[in-house]
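Have a look at the structure below before the remarks.
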Amino acid sequence: MRIRIIAVGKIKDKYLELGINDYLKKISRFADVEIVEIKDQPIHNEKSKEEIEIAKKKEGESILKLLKDGDYLINLDLNKKEMKSEEFAEFLDAKSQYSGSYITFAIGGSYGLSDEVKKRANDAISLSKMTFLHGMTRLIILEQIYRAYKILNNEVYHK
């Protein structure tokens with residue numbers, strides 16, 4: 001299976017980078033995973049809804065340019081369905097049967113994903129109702145992907 005994570009912004013913390021690389025290595029025996037970083041758009045006046053929407057639109061355009069027609073896009077969205085790890089494993093397994101090129105997870109910028117990316121998505125899930133740093137979100141989704149493969153292969157993994 002080929003999995004892509006498209007994330008707005010760069011990892012700034014070394015500890016997150018180390019954790020992300022560790023999980024990429026662990027997952028590599030099950031699937032090809034790549035992370036693509038999209039430049040986050042600066043927002044100078046955080047109270048300006050117009051400036052926020054413009055930034056989200058530009059980030060969204062960058063995300064959409066990376067997608068091929070056959071890619072299965074899953075948005076990570078705070079307001080969507082949460083799953084237990086076993087449910088996520090079944091979900092990921094079902095999506096692996098999809099005939100597209102990549103299963104792609106999209107992680108938006110500080111203000112979320114654009115409406116265009118939301119419309120393009122095949123699915124949307126929530127990792128939690130809590131808000132995480134964007135780098136932490138990458139680490140969490142990678143850990144859950146790894147956990148899903150361990151579950152699907154009936155391998156022991158701590159609970």
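- Side chains of Met83 and Ile125 form a contact here, defined as non-hydrogen atoms less than 4.5 Å apart.
- Between the side chain of Asn75 and the backbone N or O of Asp77 there is no donor-acceptor pair closer than 3.5 Å.
- Relative to the ring axis of Tyr111, Lys56 does not place its NZ or CZ within 45° and under 6.0 Å from the centre.
- Using a 4.5 Å cut-off on side-chain heavy atoms (C-beta onward), Thr137 and Leu76 make contact.
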Please evaluate residues Lys150 and Phe30 with respect to the criterion side chain to side chain contact (heavy atoms under 4.5 Å, CB included), reporting the C-alpha separation (whole Å), side-chain torsions for both, the decisive distance (0.1 Å), and the verdict. CA-CA 9 Å; Lys150 295 292 273 185; Phe30 300 110; 4.1 Å; yes
Given side chain to side chain contact (heavy atoms under 4.5 Å, CB included), test Leu66 with Asp71 step by step and report yes or no. CA-CA 10 Å; Leu66 293 168; Asp71 291 349; over 6 Å; no
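- Asn21 places a side-chain heavy atom less than 4.5 Å from the side chain of Glu17.
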Worked verdict on Ile63 versus Leu113 for side chain to side chain contact (heavy atoms under 4.5 Å, CB included): CA-CA 9 Å; Ile63 292 170; Leu113 294 163; 3.8 Å; yes
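- The shortest side-chain heavy-atom distance between Ile145 and Tyr23 does not fall under the 4.5 Å cut-off.
- Residues Gln144 and Ser85 have side chains that bring a donor and an acceptor to within less than 3.5 angstrom of each other.
- Ion pairing between Asp115 and Lys119 fails under the 4.0 Å rule for side-chain N and carboxylate O.
- To the nearest 0.5 angstrom, Glu34 atom CD is 5.0 Å from Arg4 atom CZ.
- Taking NZ of Lys95 as the reference point, atom CE of Met1 lies at 11.0 Å (rounded to 0.5 Å).
- Asp22 places no side-chain N or O within donor-acceptor distance of the main-chain N or O of Leu18, the cut-off being under 3.5 Å.
- The neighbour count for Lys12 NZ, taken as heavy atoms of other residues, nucleotides or ligands under 6.0 Å away, does not exceed 12.
- Residues Ile3 and Tyr102 fail the side-chain proximity criterion, which asks for heavy atoms closer than 4.5 Å.
- Counting all heavy atoms, side chain and backbone alike, Glu51 lies closest to Ser48 at N-OG, 3.0 Å.
- Ion pairing between a basic and an acidic side chain is recognised when a charged N comes within 4.0 Å of a carboxylate O; Glu143 and Arg138 show no such pairing.
- No donor-acceptor distance shorter than 3.5 angstrom exists from the side chain of His134 to the backbone of Ala7, with no hydrogens or angles considered.
- Enclosure of atom NZ in Lys118 by more than 12 non-hydrogen atoms of other residues, nucleotides or ligands within 6.0 angstrom is indicated.
- Residues Ile38 and Ser62 share a closest heavy-atom pair of CG2-CB, 3.4 Å.
- No more than 12 heavy atoms of other residues, nucleotides or ligands sit less than 6.0 Å from atom NZ of Lys58.
- Salt bridge status for Glu155 with Arg29: present, with a side-chain N to carboxylate O gap under 4.0 Å.
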Test salt bridge (charged side-chain N to carboxylate O under 4.0 Å, His left out) on Asp40 and Lys10; report intermediate values, then the result. CA-CA 8 Å; Asp40 55 338; Lys10 294 209 174 282; over 6 Å; no
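- The NZ atom of Lys57 lies 9.5 Å from the CG atom of Leu64; values are rounded to the nearest 0.5 Å.
- The shortest side-chain heavy-atom distance between Phe105 and Leu73 does not fall under the 4.5 Å cut-off.
- The backbone N or O of Lys84 sits less than 3.5 Å from a side-chain atom of Glu87, completing a donor-acceptor pair.
- To the nearest 0.5 Å, the span separating CZ on Phe132 from CG on Leu139 amounts to 10.5 Å.
- At most 12 non-hydrogen atoms from other residues, nucleotides or ligands lie less than 6.0 angstrom from NZ of Lys80.
- Residues Val33 and Leu142 are in side-chain contact: their nearest non-hydrogen atoms beyond the backbone lie under 4.5 Å apart.
- Residues Ile151 and Phe88 are not in side-chain contact: their nearest non-hydrogen atoms beyond the backbone lie 4.5 Å or more apart.
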As a quick check of understanding, evaluate side chain to side chain contact (heavy atoms under 4.5 Å, CB included) for Lys129 and Glu82, giving each step before the final call. CA-CA 8 Å; Lys129 295 297 180 199; Glu82 291 180 80; 3.2 Å; yes
